[in-house]
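Order of the sequence lines fixes the chain letters, A, B, ..., with proteins taken first and strands second; residue numbering starts at 1 for each chain. Fair warning: this is a prediction, and the values are worked out from it, not measured in the lab.
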2 protein chains.
Amino acid sequence: MNMLKEPSLSNPHDCVDCPIRHRAVCARCETDELEALEQIKYYRSFQAGQTLIWSGDQMDFVGSVVSGIATLTQTMEDGRTQMVGLLLPSDFVGRPGRDGAAYDVVATTDLVMCCFRKKPFERMMMETPHIAQRLLEMTLDELDAAREWMLVLGRKTAREKIASLLSIFARRDASLKVDVSKDTLVFDLPLTREAMADYLGLTLETVSRQISALKKDGVIHLEGKRHVTIPNLSRLLEEAGDDADGGIMV
Amino acid sequence: MNMLKEPSLSNPHDCVDCPIRHRAVCARCETDELEALEQIKYYRSFQAGQTLIWSGDQMDFVGSVVSGIATLTQTMEDGRTQMVGLLLPSDFVGRPGRDGAAYDVVATTDLVMCCFRKKPFERMMMETPHIAQRLLEMTLDELDAAREWMLVLGRKTAREKIASLLSIFARRDASLKVDVSKDTLVFDLPLTREAMADYLGLTLETVSRQISALKKDGVIHLEGKRHVTIPNLSRLLEEAGDDADGGIMV
DNA sequence: CGCCTTCTTGATCGAATTCAAGGAATGTGG
DNA sequence: CCACATTCCTTGAATTCGATCAAGAAGGCG
């Protein structure tokens, strides 16, 4: 495990240079609004594996993921665990207007958060429609994602579930790529087999078996345990049970 | 099937007398804001079984359920369907800022909707923070509900799933009851076995069997197919795998 | 009455879980 | 540098829970 993330990112820096400036909760803010946000923001870094927030904890901040990946999980008393969200850069953490955290938030990779003190942020939300509007938009998107995931959890087979998860990673990866033209996608799985299982409502053994099966059938290529190549994205989407073309709702 | 819902409700009437006045998207509106809303609202009635909105359809309105129950469902090409939401009185339908409907919306009972023409409503949202604030709050609640349901779909057994669904009905019913003191709850199931199966990611046979099992074990009583008595709510919650006490997050 | 739709129950089957063992990669301390 | 531990992953065998296939019961309604 990396002992220290480069600390530069955790030092204060300008919103203007921020990598998530145009996708995060602050996306619609004007220059003066950004300046007000700068007053109440601070950065925090977390190591891979660290729990940022425990379900039930008092929350004194909300914020945005700047870099890295975190998971949102729910756990039953007997230990059964379900991941209910995957937090990627620009995603929002916390719920304005509520004190207790509803889920565990765990850093899957090293992570940097841009945090806002909760009370001042809530006050700003009342005064700054641009923030509330953007938060509503993001929340509606998350709701759609959650509902799409309900279909995955409730009705898809293990093989389709794995293909669906890989599609998410692939789609995300494609959106970061400059060259969209070529159909071949390459990325590293950001989750362990167990974390994938928790996302998909499966056991880690089933995840492992289905990944092996997709590999054997040529739907994916695997180098090592994490490095994935998708030779044919539409083939993967077919395996996921989605309609041929991405299926991104406008 | 009832041929006609009493038509009185579908005629224009004052927001002030509205049964969902304090829970719907208009909950925070002042008198003058309500008057503006009255200008763009109209009522529509639907019969049980009718599809209000088809996934992919152009949406020219958004609105609130005034009375009755509707479901939000997603369907795969091969016919597998997953219910992704249950719309009860005061719940909001439609997504401001998007043209196409993402899900089928089907009336489970006779239903009355308070509709707002979409464009004027979107304009009002920009000008009326009270509406946007309330919509954000409601959307965050729905997101929490969707995530709780992900746990149900991903990790609970068939028996726990049924108990969880019954708990939702019971909880909702309890909130409408005057006398909260007594532990015994009585209500009619608002869904067919098939609709319950679609909500829970099960088959209707499994739903039927698990309901029979819960009946045999005295967790519920059944009169006819739909009329349910819960003699002991905490017993039911235990069967649902939730922590003993309601588990409503503050 | 017979015809729907909705629901129940039984028998069988199969996909995913559970239980179990071991492999691969990485790190640690002698 | 090697023995050993740890974490993450894979694979096999047995089991089980829910699905599927099938038949018939219970109402509601023309």
B/R155 (side chain) donor-acceptor with A/Q82 (main chain) under 3.5 angstrom:
no

Regarding A/D198 and A/T81, is there a side-chain donor-to-acceptor distance under 3.5 Å anywhere?
no

Please state how far atom CD in A/E223 lies from atom P in C/dA25, giving the value in whole angstrom units.
13 Å

Atom-pair distance (NZ on B/K161; C1' on D/dG18), nearest Å
9 Å

Send over the distance from B/E160 CD to D/dC17 C1', rounded to a whole Å.
13 Å

Greater than 12 external heavy atoms within 6.0 Å of B/R23's CZ
no

I'd like to know if the side chain of A/E223 reaches the main chain of A/V228, judged simply by a donor and an acceptor atom lying under 3.5 Å from each other, with no hydrogens or angles considered.
no

Taken to the nearest whole Å, NZ/A/K156 to P/C/dA16 is 14 Å

Rounding to a whole Å, what distance do you find between B/R80:CZ and D/dA19:P?
13 Å

Round to the nearest Å and state the distance from B/L200 atom CG to D/dC17 atom C1'.
16 Å

Whole angstroms only, please: what is the CZ-P distance between B/R155 and D/dG18?
14 Å

Salt bridge or not for A/R209 and A/E205, using N-O below 4.0 Å?
no

Between P of C/dT9 and CD of B/Q210, the distance in whole Å:
12 Å

Heavy-atom side-chain proximity of B/F61 to B/R44 below 4.5 angstrom
yes

Contact letters for nucleotides 5-15 of chain D, in which S counts primed atoms plus P, OP1 and OP2 and B counts the base, heavy atoms under 4.0 Å:
---BSBBBB--

